[in-house]
Amino acid sequence: MSPFPDSWLVTLGGLSIFSFVSVLYFRYQSAAASINGFPGIRTVFNAISAPGVLTRGIPGLSLPQMYKWEQKYKLYQRTGWDIYSGISVWPKVSVSFSVADAGVAKEIVQNKATFPKTPFALFNFYGPNVVTVSDNEEAKRYKKVAAPAFSERNNKLVWRETSRIIGEIFAHWGEKETVSVNNIVDITLPLALHVISAAGFGRPISWEDEAGSGQGIIPAGHLMSYQEAIRTVSNGVFTRLVVPSWAMGLRARWRKIAVAFDELGKYMSEMIESRRREGDTIKTDEDGELYKSDLFSNLLAASDAEVSGKGALSERELMGNISVFLLAGHETTAHALAFAMGLLACYPEEQQKLHDHIKSALPDGRLPKYEDISLLTRSLAVFYEATRLFPGVPVIAKSAACDKTLTIAAAIPPGAEVADGKHDQRKAVFIPKGTLILLDVVGLHYNPRNWKDPDHFNPERFMNADWNRDAFMAFNAGSRACLGRRFSEIEAVTALTMITMRYKIELNGDLFQIIPGEAPRATRERLLKVTQGMTLALSEKMFFPYSSLCIFGPIRPVISTPEY
């Protein structure tokens, strides 16, 4: 029997709830007062906290996982300005501002002292690295080590390896008139992984050996293939971040993610040991020098310098930087390529324009050489437009190191004309010290002030020299801009050009419902479902709520097949 009457227990419980709610209320009032009540989103739980994940999408408690993607520019139209606030009060108070003003975004990325990068634990599982580190000096040190690998000589190696792998894919398909691809990322993810493995880490891989089976080879001493480990880690980062280590064994899917993280760590350790044993022998190819500047060699040399007392990268920093370049470096390009090919399938007239452009740039029908990359401007435009519509990193996080006022443009209402000057007002918004600043890449990319008809797939906008570079942040900007941008561009241009000059990408009516007369935009919305893993990705049935995805083919030749 309880020593207290039931009425006392009820009273005690009621007082506890009242006290808890009162604490949350006073936290909220204080946070709202600090930003002068600027309108925006209000939730109880921080979206990336454990209770925030468990209550994800429940109005008032937490935000849906994909809310920025789902809303795009609509939230700014509701507040009336290209900025809105966010407040959550548990487990601690969090105040943020999301920004879709291109001029202000430029000011923020260029002023790294006032708006430093926030610490980011998502890619920090194996050690600190160039993406997660918030200290500008540390980031500069990591970039100094890695930058020489992204040279013109290595860019040529990217082109060579992409061409080689695409050639192997064509050989694998043989002379088939129709090739049905169940999931386009089954091509783009292994392709990008093979390119980063060869050009970034000096480890060329045969398509038939590892990608042909779709799963890869499981070496002795491993529980999972290299390819499957990388893919599982990429899709499981949020689970690993939120779920405590002791709980990872409670569900089969979580156990697989935990195994993948361990397996990838083993693979990276073996790569390091193998390279140290082989010394300089792996750094040369048939030209005698191309692999000398690969990324892995630079990172390893910096780590060896640290061991000898010269100080560059510790062993944890070596592992951390290898993992982030390996994971983020291949996934962003792979998904951008998948979106690009899906868009070309939805917009056949744009695919025809690309094909005609390639024919004009390569009139003799030969495969592109490295020197031809600069001529293939529409291939690059298609890639850019795909990353504008589907940016790999939807948000770039900064923080305010001091009190600051930002002058923000008025939002463009739905259907309004930008050129009429009716929405040229600007507003001073106070940003208190410590506030989280979210550069909303999706909002920037769908802002009508920045892009005419922003929802429309229109590569032509990148064919003009005067396109708005401040409003395009697919590769970040400023001092933290992506080191591998040119690496990714050359890989994407080479792959898109080679595939489009030989094949026509079409929707497969056996696997995806084709509705006669449907507008391309409507087809695109049904086909290209997205989710958020390590980067914005095409959906599939994995950890996140993936729906059936982007199945397109048959792929039909539209020109004579060249010799390979």
Side-chain angles (χ1 to χ4, degrees), residues 109 117 120 122-123 126 128-133 139-163 165 188-204 230 234 268 271 290-300 302 313 317-318 320-340 370 373 379-380 383-384 386-388 390-393 396 441 469 472-496 534-537:
V109 298
K117 179 181 173 64
F120 190 51
L122 188 58
F123 297 123
Y126 297 102
N129 56 72
V130 69
V131 169
T132 63
V133 68
K140 192 182 299 183
R141 183 166 66 92
Y142 294 154
K143 291 183 78 170
K144 184 178 180 180
V145 170
F150 298 101
S151 62
E152 188 69 12
R153 184 166 58 185
N154 199 253
N155 289 340
K156 188 173 183 179
L157 181 57
V158 173
W159 161 79
R160 175 181 294 183
E161 289 300 319
T162 307
S163 299
I165 296 161
T188 61
L189 277 171
L191 167 65
L193 176 60
H194 286 54
V195 173
I196 191 71
S197 291
F201 295 91
R203 182 188 173 187
I230 288 176
S234 296
M268 290 190 294
M271 287 168 62
L290 281 176
Y291 287 116
K292 289 182 179 178
S293 63
D294 70 56
L295 176 63
F296 191 56
S297 296
N298 287 20
L299 294 174
L300 191 60
L313 293 184
E317 290 173 323
L318 173 63
N321 280 284
I322 288 173
S323 67
V324 79
F325 281 114
L326 185 61
L327 290 165
H330 93 279
E331 184 172 275
T332 49
T333 305
H335 287 300
L337 269 173
F339 282 121
Y370 178 67
I373 295 294
S379 295
L380 182 61
F383 180 61
Y384 276 179
T387 57
R388 185 190 67 81
F390 300 93
V393 180
I396 298 168
V441 180
R469 285 161 175 77
F472 183 66
M473 297 194 71
F475 298 93
N476 207 329
S479 63
R480 303 305 289 262
C482 177
L483 268 176
R485 176 172 181 165
R486 190 59 181 157
F487 188 114
S488 178
E489 290 173 353
I490 291 172
E491 178 182 344
V493 168
T494 304
L496 281 174
M534 182 168 287
T535 61
L536 195 72

Peer 1: Going by heavy atoms in the side chains, are Asn129 and Phe325 under 4.5 Å from each other?
Peer 2: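 Side-chain contact under 4.5 Å: no.
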Peer 1: Using 0.5 Å steps for rounding, measure from the CG atom of Leu299 to the CG atom of Asn321.
Peer 2: 6.0 Å
Peer 1: Test Val393 against Val441 for side-chain contact (heavy atoms from CB on, under 4.5 Å), laying out the working first.
Peer 2: CA-CA 7 Å; Val393 180; Val441 180; 5.7 Å; no
Peer 1: Nearest 0.5 Å please: distance from the CD1 atom of Ile165 over to the CG atom of Leu191.
Peer 2: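 Those atoms lie 5.5 Å apart.
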Peer 1: Locate the shortest heavy-atom distance separating Leu189 from Ala334; write the atom from each residue and the value.
Peer 2: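 So the minimum-distance heavy-atom pair works out to CD2-CB, 3.5 Å.
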Peer 1: Search all heavy atoms of Ala336 against all heavy atoms of Ala386 and return the closest pair with its distance.
Peer 2: O-CB, 4.0 Å
Peer 1: Out of curiosity, Glu491 CD to Thr333 OG1, how far, rounded to the nearest 0.5 Å?
Peer 2: 5.0 Å
Peer 1: Can you name the closest pair of heavy atoms from Ser379 and Leu496 and give their distance?
Peer 2: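 What the structure gives for the nearest pair is O-CD1, 3.7 Å.
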Peer 1: Roughly how far, to the nearest 0.5 Å, is the OG1 atom of Thr188 from the CG atom of Leu193?
Peer 2: 11.0 Å
Peer 1: Is there a side-chain contact between Phe487 and Ile196 in this structure, where contact means two heavy atoms from C-beta onward sitting under 4.5 Å apart?
Peer 2: yes
Peer 1: Can you check whether Leu326 reaches Ile230 side chain to side chain, under 4.5 Å on heavy atoms?
Peer 2: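 The answer is yes; the side chains approach within 4.5 Å.
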Peer 1: Spell out, as yes or no, whether a donor-acceptor pair under 3.5 Å connects the side chain of Asn154 to the backbone of Ala199.
Peer 2: yes
Peer 1: With a 4.5 Å heavy-atom cut-off, do Met473 and Pro391 have their side chains touching?
Peer 2: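 No - every pair of side-chain heavy atoms lies 4.5 Å or more apart.
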Peer 1: What's the verdict on side-chain contact (heavy atoms from CB on, under 4.5 Å) for Arg486 and Ile373, showing C-alpha distance, side-chain angles and the deciding distance?
Peer 2: CA-CA 11 Å; Arg486 190 59 181 157; Ile373 295 294; 3.8 Å; yes
Peer 1: Check the pair Glu152, Tyr370 against side-chain contact (heavy atoms from CB on, under 4.5 Å), reporting the backbone distance first and the verdict last.
Peer 2: CA-CA 11 Å; Glu152 188 69 12; Tyr370 178 67; 2.5 Å; yes
Peer 1: Do any N or O atoms from the side chain of Ser163 and from the backbone of Trp159 form a donor-acceptor pair under 3.5 angstrom?
Peer 2: yes
Peer 1: To the nearest 0.5 Å, what is the distance between SG on Cys482 and CD on Glu489?
Peer 2: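 Taking SG in Cys482 and CD in Glu489, the distance rounds to 9.0 Å.
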Peer 1: Rounded to the nearest 0.5 Å, how far does CG of Leu318 lie from CE of Met268?
Peer 2: 9.0 Å
Peer 1: Got a donor-acceptor contact below 3.5 angstrom from the His330 side chain to the Leu327 backbone?
Peer 2: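 Pair found, side chain donor or acceptor close to backbone of Leu327.
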Peer 1: Check the angle between the aromatic planes of Phe339 and Phe390 and answer parallel, tilted or perpendicular using the 30° and 60° thresholds.
Peer 2: parallel
Peer 1: Determine whether Tyr126 and Ile322 satisfy the following criterion, side-chain contact (heavy atoms from CB on, under 4.5 Å), listing intermediate values before the conclusion.
Peer 2: CA-CA 9 Å; Tyr126 297 102; Ile322 288 173; over 6 Å; no
